[in-house]
**Q** 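The structure's right below; bear with me while I get my questions together.
Each chain gets a letter, A, B and so on, in the order its sequence line appears, and its residues count up from 1.
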4 protein chains.
Amino acid sequence: MFAFRMIDRSGVPAYLQLVDQVRRGLLLGHLQEGDQLPTVRAVASELVINPNTVAKAYRELEHAGLAAARAGQGTFVTGSIEQVPAATYARLSGRLRQWLADARGAGLAPEQVRAMVEAVMDDEQHRETA
Amino acid sequence: MFAFRMIDRSGVPAYLQLVDQVRRGLLLGHLQEGDQLPTVRAVASELVINPNTVAKAYRELEHAGLAAARAGQGTFVTGSIEQVPAATYARLSGRLRQWLADARGAGLAPEQVRAMVEAVMDDEQHRETA
Amino acid sequence: MFAFRMIDRSGVPAYLQLVDQVRRGLLLGHLQEGDQLPTVRAVASELVINPNTVAKAYRELEHAGLAAARAGQGTFVTGSIEQVPAATYARLSGRLRQWLADARGAGLAPEQVRAMVEAVMDDEQHRETA
Amino acid sequence: MFAFRMIDRSGVPAYLQLVDQVRRGLLLGHLQEGDQLPTVRAVASELVINPNTVAKAYRELEHAGLAAARAGQGTFVTGSIEQVPAATYARLSGRLRQWLADARGAGLAPEQVRAMVEAVMDDEQHRETA
DNA sequence: GTGGTCTAGACCACC
DNA sequence: GTGGTCTAGACCACG
């Protein structure tokens, strides 16, 4: 069963973090059409957040056509997004992991690693836009 | 003079995005102690956001000891964070850029790239915490 | 529940006066860790000031580690400052009240009393610093 | 010659602190009609603030009828406020100093002393108003 | 209902 | 010109 991760304090609304995780799971093939999502109650108790917050995330997913609740059964993934081919994913994620390991090996703190990733990605994005 | 980037719609409050950009600038050595930050009004007009929002970000930086406002003069960087050595930065950011180029070359949409990066980083972070 | 006093026109920003009152409450034992502060809206309507001003004060307290806001629940005292022992407080505040009564009895206007207190305290403080 | 004290960061505008100190000096008899105030330049350099700020304070005093500038000579105290009789002042300030010494002797930090004084005075003032 | 963010715009203190 | 404070009011996230 798909599992959600801890809610951090990045400023991103909790319900959006849940939505993003499902979306990400679909993009990367960790979630398939038909898969069941954990129940609202389970997520709420696991992450220690209010069930309303989880419900809002699921509602958002339904609205996006990515999930649907089946009365008495739970919520299931219904839609799909263009997935990254498994081979491509394996290759790229492997290299990315190596890069991360290298960065950590060079003595960079997690905060510094994240800063660098964000800086470079923002930079690329900006270059495209410009 | 340091320049801020457009505010995205990721759900992260605008003022926090500004704070993060300064923090990142310090981590990566793009900002030094004593540097002047653009004036509140300049940032507000540049990014088309409310001056109060910028002021809030600057105040947050002040609380963190990273900047100080001088009435009638502007806001200046006062603190510093452990920086990434320039050589390390150059090497790692170069490789990261290559990775990004490769990912784009493999046909991944920006959204997919970002999802992969976030997934892998969250994963690593989770592994450390666990 | 803790209650705030009217904001005076001494030139001290309203939000700072609120912060000082909480700080003072902690120093003198009138506020304890875990106590709930009045809601932003309650204070704003009570003192006839803008909710944003109250929120700013509460945020300042949060930065100082003295309070924490819980969305949907309210703001609570979280930290503490070294308190004045109750007995010491009782004895000293009693004598101070007598002094004030005496000063008023001698015909001093409130403004004169305040001027004297400030002059003497500034004097002492200056002597220590020097 | 009358001397101004350091500007603190209490939130009270610098120019108001200067005005208050003159007013206080008059109330307590430390300043008499005809006394000369230090020049704008002297105060500005002594307290390391902008001459404009000092000039604004002096203008405020002129406006209140408490001081007047004589071209080429300086600024002089012209008005007066009801003073506290010297004997009363001596007696009361002496007792207040004793109280302060006692409070410090009881181990109270300056911050705690100030908090207590403010709490008691606010309390009295509130009682009168009510 | 709670606090949080953002906008728009006025006024003030300081350089 | 700079930043700082305050108001008024809208909208959002969370419980």
**Q** Hey, does Val54(C) have a side-chain heavy atom less than 4.5 Å from the side chain of Leu47(C)?
**A** no
**Q** Would you compute the distance between atom CG of Leu18(A) and atom OG1 of Thr53(A) and round it to the nearest 0.5 angstrom?
**A** 8.0 Å
**Q** Just checking Ala69(B): base, sugar-phosphate only, or nothing, at a heavy-atom cut-off of under 4.0 Å?
**A** sugar-phosphate
**Q** Select from Thr53(B) and Lys56(D) the residue whose nearest nucleotide in DNA chain E is closer to the 5' end of that strand.
**A** Thr53(B)
**Q** Provide the start and end nucleotides, 5' to 3', of the part of DNA chain F that has atoms under 4.0 Å from heavy atoms of chain B.
**A** dG1(F) to dC6(F)
**Q** Please check if the number of heavy atoms outside Glu46(A) that lie under 6.0 Å from its CD is greater than 12.
**A** no
**Q** Could you check if a side-chain atom of Ile49(A) sits within less than 4.5 angstrom of a side-chain atom of Tyr15(A), using non-hydrogen atoms only?
**A** no
**Q** Let me have DNA chain F in dot-bracket notation, would you? Count Watson-Crick plus G-U wobble pairs, both distances under 3.5 Å, and use [ ] for pairs crossing earlier ones and | for inter-strand partners.
**A** ||||||||||||||.
**Q** Do Thr78(C) and Leu61(C) make a side-chain contact, defined as non-hydrogen atoms from C-beta onward lying under 4.5 Å apart?
**A** no
**Q** Pick the nucleotide of DNA chain F nearest each of Tyr15(A) and Tyr15(C); which residue has the one closer to the 5' end?
**A** Tyr15(C)
**Q** Base, sugar-phosphate or nothing for Arg41(C)? Non-hydrogen atoms, less than 4.0 Å.
**A** base
**Q** Side chain of Gln36(A), backbone of Gln73(A): donor and acceptor closer than 3.5 Å?
**A** yes
**Q** Using a cut-off of 4.0 Å on non-hydrogen atoms, how would the nucleic acid contact of Ala14(B) be classed: base, sugar-phosphate, or nothing?
**A** sugar-phosphate
**Q** Select from Ala71(B) and Val48(A) the residue whose nearest nucleotide in DNA chain F is closer to the 5' end of that strand.
**A** Ala71(B)
**Q** Do the non-hydrogen side-chain atoms of Asn52(B) and Val40(B) ever get within less than 4.5 Å of each other?
**A** no
**Q** 5'-most contact on DNA chain E: Ile49(D) or Gln73(C), nearest heavy atom basis?
**A** Gln73(C)
**Q** Flag the pair Val19(B) / Leu66(B) as yes when at least one side-chain heavy-atom distance between them is below 4.5 Å, and no otherwise.
**A** no
